[in-house]
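Everything on this sheet refers to the single structure shown next.
Just so it is clear: chains get the letters A, B, ... in the order the sequence lines come, proteins before strands, and each one is counted from 1.
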Protein chains: 2
Amino acid sequence: MANLQKGRVDIVAVAKAANVSPSTVSRTFNHPDLVNPATRKKINRAIQRLGYIRNRAAQTMHGKRSGTIGLVVPTINHAIFAEVIQAFSDSIDKVGFSLLLASHGYDLDREYAMVRKLLEHRVDGVALVGLEHSDATARLIEQQKTPALAIWNYAQDSSLPCVGADNRLAGRLATEHLLALGHRNIGLIFPKTDGNDRAQHRLSAVHEALAKMGVSVPDEHESETPYSVSQAKQAAITLLTEQSRPTALLCGNDVIAQGALFAAQSLGLKIPDDLSIIGIGDFKGSADVEPGLTTIRIPAETIGKLAGERFTDYITSDDPAPFRICCELERVVRGTTTLASIGCVANSGV
Amino acid sequence: MANLQKGRVDIVAVAKAANVSPSTVSRTFNHPDLVNPATRKKINRAIQRLGYIRNRAAQTMHGKRSGTIGLVVPTINHAIFAEVIQAFSDSIDKVGFSLLLASHGYDLDREYAMVRKLLEHRVDGVALVGLEHSDATARLIEQQKTPALAIWNYAQDSSLPCVGADNRLAGRLATEHLLALGHRNIGLIFPKTDGNDRAQHRLSAVHEALAKMGVSVPDEHESETPYSVSQAKQAAITLLTEQSRPTALLCGNDVIAQGALFAAQSLGLKIPDDLSIIGIGDFKGSADVEPGLTTIRIPAETIGKLAGERFTDYITSDDPAPFRICCELERVVRGTTTLASIGCVANSGV
DNA sequence: AATAGTATTGCAAATGTTTTCATAAATTCG
DNA sequence: CGAATTTATGAAAACATTTGCAATACTATT
């Protein structure tokens, strides 16, 4: 039955089998309305019979779109980006695009290499995480005139179109929540900020908000940790066993906050009575730990979905209009934060 | 300085700028040893100056490899696959391949569609998760003679080359651990098994191991839940508030086990004294929850890395030899399991 | 110095599509 | 019924590369 071709079966093989010209076969795919329904049927039968699969590479070469979109993320491995990647992938898939995915491990030079690689594949567009990129990357994108998009971050004056959230605001909201609860002795655990404008913006906003209230953070209450639950846990243990323990911990993201939570639990601290913890992100799982993690929610799924929709629109549009979309943050209060109690304050300094 | 071309800059533009023929430029990329070092230098300068970027689509069309590998996973979103994807991506990147990623949400028909889509892009190979796929998918791969690989699962008689672990063994090991600790009243929480041979194999092995010891699981101690911490938590709460509570919970994967852990904690149960919990997978984070999750470790990173290496070898080899690699499982005993105590047994049935 | 290699380069064909233009057939209209 | 459209198809050029073959220039050998 199945007519197994040893040699490649291409559009002309189909044409021959259906007794038409290659042009007609091509048209059946690209402008079906221009070909007689009867002929179309004949052709479709031939396609079926031969097991023909269109060759996007050949299309691409002809100047048509490649049907691929490149996405370059710092890391795939961790909760944060997995969710955006999924949403972005689903979103572009709906309109027929495929996802070329690359990661650079927070190294902007590798990011450049990855973008270049994607450009070799003639992606129809390339999406990057964040707004901070090397000059070389910016130049590359500019020069090739490839549509580009920044996701995850929002800035009203971004050079690229963007879909994301305001990380400064996130930092401020988290700080204000702790401040409003009466905390004045606050510890900070953040990831490294170079090449990571998300963390950078959050942290600087935290400092500003703190300063505005006249609160300062002693050095030993400020800790830097890589992006992993276990390493954050270690860092938190160190910080929490300092001379004077803070009454609250503000963490650069939810992964770190989870690490801090586990650290506190392993030290026998009661959360939130002995220590309040707030994260940023609201990743999958943050709602489910015990107690539930208070956090500033960044709507990863919405960002990914919206980014996919708007970007494919942009790419396929005749006269594309640049856009900037700011996704709403939301303060999600769960069980890890509470009022800075007298007892708690008394507890510090021991 | 930068010679911004408005029109596309292609290999002939470079050739012109370097005063050589296009063939020579092409050779500079593909067989550098065949071209005079001096000429090569001239050409490289021209490439730099014009900002030329190779067009893989055109290469592909010529019959060369496309330099892309397709990976189709059930979901990107969750901890399990994120880790393999990362390792696989890094691994193939090292030898110059790019990753086309697609997900199907545990729907084998969508899997077929995704594979087809990747084939249109003329991927040099396609990697699938698991060994169970629709006939259509198998036929497609067979017919197109595209190298294919199954990752995550291992079976000595798999039809595709595979790199993965033995899920039956994983199920058995988990069961035996609980049994060895004296547990006889065991609850099971697993994901749905259709279109998911990992879960299927694990669950059937669990039942076999249990039966061998004459242990049976009453219906109300067997629960099915989607793949999410929060839903697993719900399911676990339901199961744990049954008439007779089991002394141990065996979970189909670590995400479910985490949900179960949080459920138990929210019910005020002491882990592991009141209830032992074991998972399968050892995902990122499993080591860090409090107490640490006992689990059967599936080495996701090793699988991804190895799969990438072997598959690219296979693809680039002149006479590829099929292979099957079984990655070792490891029992990781942490804090969520302990001996079935008298007290614990007495506690049940209440 | 003549011959036989060897190293370097160019020419042209080939790859699988899409699309413009032209042609032929069928339909509509007055 | 003939002219004017409309519909359906085919021929051929174009897209950006790679590579087999041929040509040329250079080097080594006797």
Side-chain angles (χ1 to χ4, degrees), chain A residues 5 7-44 46-47 50-68 96 119-124 144-146 316, chain B residues 5 7-44 46-47 50-68 96 119-124 144 146:
Chain A
Q5 300 291 115
R8 295 273 118 236
V9 24
D10 58 6
I11 209 176
V12 355
V14 173
K16 215 164 281 176
N19 251 312
V20 294
S21 77
S23 335
T24 308
V25 179
S26 172
R27 263 189 293 258
T28 312
F29 281 118
N30 300 297
H31 313 282
D33 44 312
L34 292 186
V35 18
N36 189 317
T39 325
R40 230 180 324 174
K41 211 158 156 190
K42 237 181 6 182
I43 291 173
N44 281 323
I47 289 171
L50 300 183
Y52 168 71
I53 293 191
R54 310 167 69 175
N55 186 335
R56 299 294 219 123
Q59 299 192 157
T60 303
M61 236 213 39
H62 196 81
K64 280 197 82 118
R65 276 189 287 275
S66 72
T68 57
L119 258 20
E120 290 189 355
H121 287 290
R122 295 297 188 266
V123 290
D124 297 326
Q144 294 304 118
K145 311 206 191 312
T146 303
T316 52
Chain B
Q5 298 292 113
R8 294 275 117 234
V9 25
D10 58 7
I11 210 176
V12 357
V14 174
K16 216 164 281 176
N19 251 315
V20 295
S21 76
S23 337
T24 308
V25 179
S26 171
R27 264 188 292 257
T28 310
F29 281 117
N30 300 298
H31 315 280
D33 43 312
L34 292 186
V35 16
N36 189 318
T39 324
R40 231 180 324 172
K41 211 156 154 195
K42 238 182 3 180
I43 291 173
N44 281 324
I47 288 172
L50 301 183
Y52 169 70
I53 294 193
R54 309 167 67 177
N55 186 336
R56 298 298 217 120
Q59 300 192 159
T60 304
M61 235 213 42
H62 197 80
K64 282 198 83 122
R65 275 190 286 276
S66 71
T68 57
L119 259 20
E120 291 189 355
H121 287 289
R122 293 299 186 265
V123 291
D124 297 326
Q144 295 303 118
T146 302

A:Arg54 and B:Glu120 ion-paired at < 4.0 Å: no
Residue-phosphate contact under 4.0 Å: A:His31 side-chain N/O, C:dT19 OP1/OP2: yes
Short side-chain N/O contact from B:Gln59 to OP1 or OP2 of D:dT17, under 4.0 Å: no
When we call it a touch if two heavy atoms are under 4.0 Å apart, what does [X] touch: a base, just sugar-phosphate, or nothing?
| X | result |
| --- | --- |
| B:Arg27 | base |
| A:Thr39 | sugar-phosphate |
| B:Phe29 | nothing |

Most 5' of B:Val35 and B:Arg122 on DNA chain C, judged by nearest nucleotide: B:Val35
Atom pair CZ (A:Arg65) and CZ (A:Arg56), whose distance is rounded to the nearest 0.5 Å: 10.0 Å
Spacing of CG belonging to A:Leu34 relative to CZ belonging to A:Arg40, to within rounding of 0.5 Å: 9.5 Å
Sidechain-backbone polar pair: B:Ser26 side chain, B:Pro22 backbone, donor-acceptor under 3.5 Å: no
Figure out the [atom1]/[atom2] separation between [X] and [N], and round it to whole Å.
| X | N | atom1 | atom2 | result |
| --- | --- | --- | --- | --- |
| B:Asp33 | C:dT8 | CG | C1' | 12 Å |
| B:Asn36 | C:dG10 | CG | P | 11 Å |
| A:Ile53 | C:dT17 | CD1 | P | 11 Å |
| A:Arg65 | C:dT18 | CZ | P | 13 Å |
| B:Arg56 | D:dC15 | CZ | C1' | 18 Å |
| A:Met61 | D:dA13 | CE | C1' | 12 Å |
| A:Lys64 | D:dA14 | NZ | P | 19 Å |
| B:Asn55 | D:dT17 | CG | P | 5 Å |

Residue A:Lys42 excluded, over 12 heavy atoms near NZ under 6.0 Å: yes
Taking every non-hydrogen atom, the tightest pair across B:Ile53 and A:Arg122: O-NH2, 2.9 Å
Minimal non-hydrogen separation, B:Ala46 against B:Ala18, with atom names: CB-CB, 3.9 Å
Sub-4.0 Å heavy-atom contacts from residues 16-24 of chain A onto DNA chain C, ordered by number: A:Ser23
